[in-house]
Structures are given as structure tokens and as C-alpha cells.
Amino acid sequence: MKHIVSFSGGKDSTAMLHRLLSQGIPVSHVLYFETELDFPQMKAHLDLVSKNTGMPIIRVRYYRYFEEMLALWGWPKTSGGWCAARKHSTCLKYIRGIKGDKIEYIGFSADEVKRTQTKWMLDRKWPVKFPLIDLGMGEADSLAYCRSLGYHWDGLYDVQNRVSCFCCPKGGKAKREVIRSNFPDLWEEWQRLDEVANQRIERTAKSAAAHA
Ligand code: SF4
């Protein structure tokens, strides 16, 4: 039996991995999707998790670059979109290719029970467990647990409650403000990416004008 942890590097999946190991679950894979837009601090966090758990982290990527798709499609909708789809399809393909019986563990917190019922969750052909929900651990519990283990993300959680892509459109204006105020280099990069995304808006406007 393969025990596969879907690992984002955030507080919930970090807490889940440690809980599973402390329960004696023989974790076989720790799977991490590289979005290309991870906070730079995440690299040190992943190294620390590997050091503390003894588990190598398997990094997977989509076959097309984020920036190429950004130029084609523009920023994804805040409700999800192509960026989430590329992550889901890449991870599912990888897990599908793992031979033999398997269980996947996902770190949805006890505050996120609804997320267990989305289409892409229900599409899985193998059993899935949500250990944090079973343990009744909410997001605050996971963060406190991680901090007790010495994790710090170099302060990322001091200024925001999610450490996924630094320019995630789901974060709206508030996320932009956090990045602008605290991470000038990333803010500069975000503005450059805005220009890439605008290429699509300009193309769409030119095409509409040509067909008018
Ligand atoms: S964190 Fe945001 S930008 Fe990154 S893949 Fe998820 S929805 Fe897309």
C-alpha cells in the first residue's frame, strides 16, 4: 500500500505530514506541485521539512510554463481557473501512475470540509483521507502545531494566512497590498506579470475591433 501525501508546503499540509508520521503511517510519497510562483522562502521550508521528517519531497511541474499560459489566457478567475486545473491534472496524473494500491492524504483543515466535495476531489479513483478534518484541526491549530515544531516560513504567516502563489488572484486587492507593502521584489515581478496578462486583453480588443 502506498501512502501519498499531497503537500503544498503550507501550514496545513506541513501539520498533516507530521501528524501522519507521528501516528506511524508509512508515508511513501510527499508530492509537491511547483507553481513557478512560490514564495522564495518556500524552498528553505521544504528543505527543513525534509530534514525534520527524513522524507524526500517529490517536485512535479506542468509541462507548459505559467507565463506562456498567462499570455494566452490572462489572469485566472478568482474562483479558480487554468492555473488550478494545471496543478490538479499534473498531480492526478502523477498519482495515477503510482502502481499498486494507494491512499492519498490531503490537508484540508476542519474549517474547509466543503472542499472535500468538489468535482476534482470526487473524480479520484483511489481512496482519499483528510486527517486534519478527522482530528478536528482548524487552520489556527495547524499553524500553532507547526510553530511548536520550529517552522517559521521566514515570517510569511506573520503578514498573511496563505502562502501559496505570491500573486494568487484569489487573494484580490488585499493580497496585492500585502505583497506591495512587504515584498518589493515580488511586487515588481507581479507588475511585470500584469503586463504579460495584458497582452491578452490587447489581443482580444484588437480582434473585436477587426470583426466589428
Ligand atoms: S494558489 Fe492561486 S495562482 Fe496558484 S495555482 Fe492556486 S489558484 Fe492558481
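Numbering of ligands and ligand atoms starts at 1, following listing order.
- For Lys87, the closest heavy-atom approach to ligand 1 does not fall below 4.0 Å.
- The atoms of ligand 1 that sit less than 4.0 Å from any heavy atom of Pro169 are 3 (S).
- Pairs of residues two or more places apart, or lying in two chains, that qualify as salt bridge (Lys or Arg N to Asp or Glu O under 4.0 Å) and include a residue from residues 86-103 are Glu36-Arg86.
- Atom 2 (Fe) of ligand 1 has an N, O or S atom of Cys168 inside 2.8 Å of it.
- Screening residues 125-138 for salt bridge (Lys or Arg N to Asp or Glu O under 4.0 Å), with sequence neighbours left out, gives no hits.
- Heavy-atom neighbours of Glu188 CD from other residues, nucleotides or ligands within 6.0 Å: at or below the threshold of 12.
- Within the coordination shell of atom 8 (Fe) of ligand 1, defined by N, O or S atoms under 2.8 Å, Cys165 is absent.
- Below 4.0 Å from some heavy atom of Ser164 lie the following atoms of ligand 1, by number and element: 1 (S).
- Ring geometry for His45 against Trp153 counts as parallel: the plane angle stays under 30°, on a 0 to 90° scale with 60° as the upper cut.
- Between Trp190 and Phe166, the ring planes lie perpendicular to each other; the angle is over 60°, past the 30° to 60° tilted range.
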